[in-house]
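What follows is a set of notes on a single structure, which appears directly below.
Lettering follows sequence order; numbering is per chain, from 1.
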Number of protein chains: 2
Amino acid sequence: MPFRYEHPRPALTVDCVVFGLDDADLKVLLIQRGAAPFKGNWALPGGFVRVDETLEEAARRELEEETGLRNVFLEQLYTFGGIQRDPRERVISVAWYALVNLRDHKVQAATDAGEAAWFSLDDLPTLAFDHAEILETAQQRLRGKVRYVPIGFELLPRLFTLTQMQRMYEKILDRALDKRNFRKKVLGMGVLEETDQVQQDVAHRAARLYRFHEAAYKRMVKHGIHFEI
Amino acid sequence: MPFRYEHPRPALTVDCVVFGLDDADLKVLLIQRGAAPFKGNWALPGGFVRVDETLEEAARRELEEETGLRNVFLEQLYTFGGIQRDPRERVISVAWYALVNLRDHKVQAATDAGEAAWFSLDDLPTLAFDHAEILETAQQRLRGKVRYVPIGFELLPRLFTLTQMQRMYEKILDRALDKRNFRKKVLGMGVLEETDQVQQDVAHRAARLYRFHEAAYKRMVKHGIHFEI
DNA sequence: TGTCTTAGTGTCGCTCATACACTAAACTGG
DNA sequence: CCAGTTTAGTGTATGAGCGACACTAAGACA
């Protein structure tokens, strides 16, 4: 036990709420705990912060070690510091949330953790520690932020149809949107770039594919115009 | 050195960005450091988290110890974890921001810290550590949040005039607002309660005093109507 | 060729945001 | 008490954008 301090110190961890979108649902990535406490329960991927890495580096490292995911959109969420949130000892956790799309990012059979799997948000298992609260906080943040910052595109494939985009917003905001008004609005905003490609392998009229126009969005921001769905 | 751990642990602190409003300006509360590093420099009030208190309790305790402030509006801001943010050792800081009004809350001569003083946001001294970055983050948060959550009232006295309220928003948002449109909007929103009192001791026509109507705001939220300035 | 499924499109009414200027009231100082 | 100063308080007209709403087009398939 070579590390000694004058005063007691809480342990410091990071935890990640990873949201993913497929055709059916908005999902969250969980891992099954291989050790006590909460052995066998599902939990958010995460782990201890090392003293030679930033908080974000710790979050990215744990995410890759436990789920194989890398190069994802990642933002700090909130820091949870309840006294009894870990039964072993005092642990403070800096929580992050990530957005990925399930086509581009395949989850590998995890190495560190027992197993990783996607769960629909309305069909969740009981979570370890205070992870249900962290997840709830992340959902609120996502709902609030997606309307005025274009982070939703992180959940879509690089090329997407307007219907896919609309479904994405509907799943996050949990309400129906009007198709014509939605298209009018997002096309009028000028952050979508139309491609000359259409959907492949669909059993009906194929929809046109669009991509998010990063540069146009940055121009908007610079001119003080703000994105809003 | 009685506290020993298997792995090295960063130190954990809280820091508070306290915003205050007087007739002239939006201000922030700083303390002068009495010890190295950055001895003599101005810094945000804050200190180490104890293992038997939550993060919020730590923030409130430090705030009272160093500035005498208590019972203030306080919300978590962001957690800063840069590797070199403290020259002595690795320190992670959970930052908070507070809103107070300078009439009700008098700052006492601080006990722990050297001295506490209010600084206008556009006339700041050089700050210790990464506190300038924390303060900048807090200003952005305040600007973003004040428009759609009625936290601005925390900066005003209990009874206030519409002009005071308008000035508050103008200082935070850093742009001029139209007087007639502002009044039309905030009165139409129904979260202000008109009192039968007027300003005292002013050298011109006295303005009517209003108060924030908490219950009406909660009713709005419950009905899904949202506050916006 | 008919059926099925999803893509794609325009208008109208209304609300709300914005731009804009004068009178009323209270105090001050001579 | 009068003139001057300062801030309070008020209404309208215009335009933009939001929301409600339904049908035709295209392609796959049997």
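Listed by first and then second residue, the salt bridge (Lys or Arg N to Asp or Glu O under 4.0 Å) pairs involving residues 176-186 of chain A amount to none (not counting sequence neighbours). Identified under the salt bridge (Lys or Arg N to Asp or Glu O under 4.0 Å) test for residues 116-137 of chain B, with sequence neighbours left out: B/R85-B/D130.
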Checklist entry - If the sugar-phosphate is the primed atoms plus P, OP1 and OP2 and the base is the rest, what is the B/S/- string for nucleotides 16-24 of chain C, using protein heavy atoms under 4.0 Å? => result -SBBBB--B
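Residues passing the side chain to side chain contact (heavy atoms under 4.5 Å, CB included) test with A/A43 are A/R33, A/A128, A/H131, sequence neighbours excluded. The side chain to side chain contact (heavy atoms under 4.5 Å, CB included) search around A/E154 returns A/F73, A/L99, not counting sequence neighbours. With sequence neighbours excluded, the residues forming a side chain to side chain contact (heavy atoms under 4.5 Å, CB included) with A/T79 are A/Q76, A/I92, A/V94, B/L55, B/Q76, B/T79, B/V94, listed by chain and number. Among residues two or more places apart in sequence or in another chain, the side chain to side chain donor-acceptor pair (under 3.5 Å) test is passed with A/E57 by none. In this structure, the side chain to side chain contact (heavy atoms under 4.5 Å, CB included) partners of B/R158, at least two apart in sequence or on a different chain, are B/R211. By the ring-ring contact (aromatic ring centres under 6.0 Å, His included) test, B/F153 pairs with B/F160, B/F212, sequence neighbours left out.
Residues of residues 161-168 of chain B that place a heavy atom closer than 4.0 Å to DNA chain D, in numerical order, are B/T163. Contacts between residues 196-203 of chain B and DNA chain C, counted as heavy-atom distances below 4.0 Å, involve B/V202, B/A203.
Summarising the geometry, the separation between NE2 on B/H204 and C1' on D/dA8 is reported as 9 Å, rounded to the nearest angstrom. Whole-Å rounding puts the A/R183 CZ to D/dA20 P distance at 18 Å. For the pair A/Y210 OH and C/dA7 P, the interatomic distance rounds to 12 Å; values are reported in whole Å. We find that CZ of A/F182 is positioned 13 Å from P of C/dG8, with the value rounded to whole Å.
For the pair A/S120 (side chain) and A/K27 (backbone), a donor-acceptor distance under 3.5 Å is absent.
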Distance-only criterion, 3.5 Å: show the donor-acceptor pairs between side-chain atoms of residues 221-229 of chain B and protein atoms not counting sequence neighbours.
from: B/H223; atom 1: ND1; to: B/R219; atom 2: O; distance (Å): 2.8
from: B/E228; atom 1: OE2; to: B/R147; atom 2: NH2; distance (Å): 3.4

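Across all strands, B/R208 comes closer than 4.0 Å only to sugar-phosphate atoms, never to a base (heavy-atom distances).
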Item to check | Verdict with reasoning, A/Y210 to A/E193, per side-chain hydrogen bond (donor to acceptor under 3.5 Å, both in side chains) | outcome: CA-CA 6 Å; A/Y210 292 80; A/E193 192 177 4; over 6 Å; no
